[in-house]
Protein chains: 2
Amino acid sequence: MTERISDAEHAVMEVLWDKSPLTAQEVAERVPAEREWSANTVKTLLGRLLAKNIIAHEEEGRRYRYRPLVARADYVAGESRKLMDRLFGGRLTPLVAHLAERDQITDQDIAEIEALLKDLKS
Amino acid sequence: MTERISDAEHAVMEVLWDKSPLTAQEVAERVPAEREWSANTVKTLLGRLLAKNIIAHEEEGRRYRYRPLVARADYVAGESRKLMDRLFGGRLTPLVAHLAERDQITDQDIAEIEALLKDLKS
DNA sequence: TCGTCACGATTACGTCTGTAGTCAATAGGG
DNA sequence: CCCTATTGACTACAGACGTAATCGTGACGA
């Protein structure tokens, strides 16, 4: 039942996942510079995330400190699954195969994944 | 420079990637039933995809037949890359690792991917 | 020939998103 | 004690999206 996180909201979440709790101002300072957001924009996004129950805030003097209510790993799992379901019929193999074909996989990737799979077996 | 494909538009694209060219009516018939779209909705989406230059149409008597201008593989590659960049720092290994941890990978997946990687190493 | 139907084009409209300005309260400096 | 700077709340607003009704035109059966 967790509500959708938009792209802009996601940028805010990454900041909070990296470190929390933070004040609105601290979040604004840590958001990637490319975004060039005004402090107000960040506050709006924090407000929307609050309304969606994706973050919480605790009073600290005359301001708030915000912290995530959902774990990054859960979010990431959901997004990964959605992509696999939508584009690869829910299977991981076609995803890996696709990326391999596209030369988006390096020799090092191959070695790392092989090691990973080896650990998983047994 | 290819424009964004929204979620609803993507459902239409899947139909056309599966078979094309198709008339608007044929597309409507083939769209997954869960969507429960009216024929008009499908036509609107076809119109938007046309405007975005993601599909083309050829006149056929008093109607059109629509066909994709972008390959599914290209779209899929773009979406996969976006996900990896956004959530896994652009690396494939963490994606696989994440799914493995989450038990979203089966023994068969492991075997298949191992075979795949073996082929790649030539 | 006339009404109806099949199509694409146009228009509609509420919601979500990205981005930000404005307002009200309050705490701190002078 | 008053002015100002900070901070969260509220408001704004254009563009994308999901979903669809309506309009205009040409084809086709009666």
Side-chain angles (χ1 to χ4, degrees), chain A residues 1-16 20-67 69 75 78-79 82 86, chain B residues 1-16 20-67 69 75 78-79 82 86:
Chain A
M1 203 223 60
T2 311
E3 290 215 45
R4 162 131 214 93
I5 297 177
S6 80
D7 197 64
E9 288 161 5
H10 174 238
V12 168
M13 289 308 290
E14 287 293 348
V15 171
L16 289 174
S20 81
L22 294 177
T23 66
Q25 202 193 162
E26 288 165 337
V27 171
E29 282 161 7
R30 286 154 189 260
V31 149
E34 315 83 276
R35 298 270 182 175
E36 289 181 17
W37 280 338
S38 81
N40 283 333
T41 298
V42 173
K43 284 187 203 165
T44 297
L45 293 171
L46 286 169
R48 288 180 183 172
L49 287 165
L50 269 179
K52 292 182 185 174
N53 269 298
I54 290 164
I55 62 177
H57 60 358
E58 311 136 12
E59 222 156 339
E60 188 225 37
R62 58 184 262 70
R63 58 178 140 178
Y64 291 118
R65 305 190 74 111
Y66 300 82
R67 94 192 131 73
L69 283 181
Y75 173 72
E79 294 296 301
K82 258 190 291 183
R86 235 173 27 107
Chain B
M1 201 223 62
T2 312
E3 291 216 45
R4 162 132 214 92
I5 297 177
S6 80
D7 197 64
E9 287 161 6
H10 174 239
V12 168
M13 289 308 288
E14 287 293 346
V15 172
L16 288 174
S20 81
L22 294 177
T23 65
Q25 202 193 159
E26 288 166 336
V27 171
E29 283 161 7
R30 286 154 188 262
V31 149
E34 315 84 277
R35 297 272 182 174
E36 290 183 17
W37 279 338
S38 81
N40 282 333
T41 298
V42 173
K43 283 186 204 167
T44 298
L45 293 171
L46 286 170
R48 288 180 184 170
L49 287 165
L50 270 178
K52 290 181 186 176
N53 269 299
I54 290 164
I55 62 177
H57 59 358
E58 311 137 12
E59 222 156 341
E60 187 226 35
R62 59 210 131 308
R63 56 179 141 177
Y64 292 119
R65 305 189 74 110
Y66 301 83
R67 91 190 135 75
L69 282 180
Y75 173 71
E79 293 297 300
K82 258 190 293 185
R86 236 172 28 106

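This is a predicted model, so every value here is computed, not measured. Side chains are part of it too, since the values below use all heavy atoms of this structure and drop only hydrogens, waters and symmetry mates. Quick note on labels: first sequence line is chain A, next is B, and so on, each numbered from 1.
A donor and an acceptor atom never sit less than 3.5 Å apart when one is taken from the side chain of A:R65 and the other from the base of D:dT7. Side-chain atoms of B:R35 and base atoms of D:dG18 include no donor and acceptor less than 3.5 Å apart.
Atom pair A:E59:CD and C:dA25:P shows a separation of 16 Å (rounding to whole Å applied). The separation between A:E58 atom CD and D:dG8 atom C1' is 16 Å, rounded to whole Å. Summarising the geometry, the separation between CD on B:E36 and P on D:dA20 is reported as 9 Å, rounded to the nearest angstrom. When the P atom of C:dG8 is taken as reference, atom CG of B:L45 falls 14 Å away, rounded to whole Å. Separating the CG atom of B:N40 from the C1' atom of D:dC17 is a distance of 17 Å, rounded to the nearest angstrom. Across the protein-nucleic acid pair, B:K52 atom NZ and D:dA16 atom P stand 8 Å apart, rounded to whole Å. B:E26 has its CD atom 14 Å from the C1' atom of C:dC7, to the nearest Å. In this structure, the CD atom of A:E3 is 12 Å from the C1' atom of C:dT15, given to the nearest Å.
OP1 or OP2 of D:dC28 lies within a sub-4.0 Å distance of a side-chain N or O belonging to B:R62. Checking the phosphate oxygens (OP1, OP2) of C:dG18, no side-chain nitrogen or oxygen of A:T44 falls inside 4.0 Å. The side chain of A:Q25 contributes no N or O atom lying less than 4.0 Å from OP1 or OP2 of D:dT6. OP1 or OP2 of D:dT7 has at least one side-chain nitrogen or oxygen of A:R63 nearer than 4.0 Å. Using a 4.0 Å cut-off, no side-chain N or O of A:S38 falls inside it from OP1 or OP2 of C:dT19.
Within the 4.5 Å cutoff, side-chain heavy atoms of B:D7 are placed close to those of A:R86.
The residue from A:T23, A:L22, A:L50 that alone fulfils the side-chain contact (heavy atoms from CB on, under 4.5 Å) condition with A:Y66 is A:L50. For the salt bridge (Lys or Arg N to Asp or Glu O under 4.0 Å) with A:R67, the lone residue among A:E58, A:E60, A:E26 that qualifies is A:E58.
Closest to the B:T41 side chain, of the nucleotides C:dT17, D:dG18, D:dA20, is D:dA20.
Of the N and O atoms on the side chains of B:T44 and B:T41, not one donor lies less than 3.5 Å from an acceptor on the other residue.
Atoms CG and CG, on B:L69 and B:N53 in that order, are 6.5 Å from each other to the nearest 0.5 Å.
Nucleic acid contact class of A:A24 (heavy atoms, under 4.0 Å, all strands): sugar-phosphate only. Here B:R48 lies in heavy-atom contact (under 4.0 Å) with a base.
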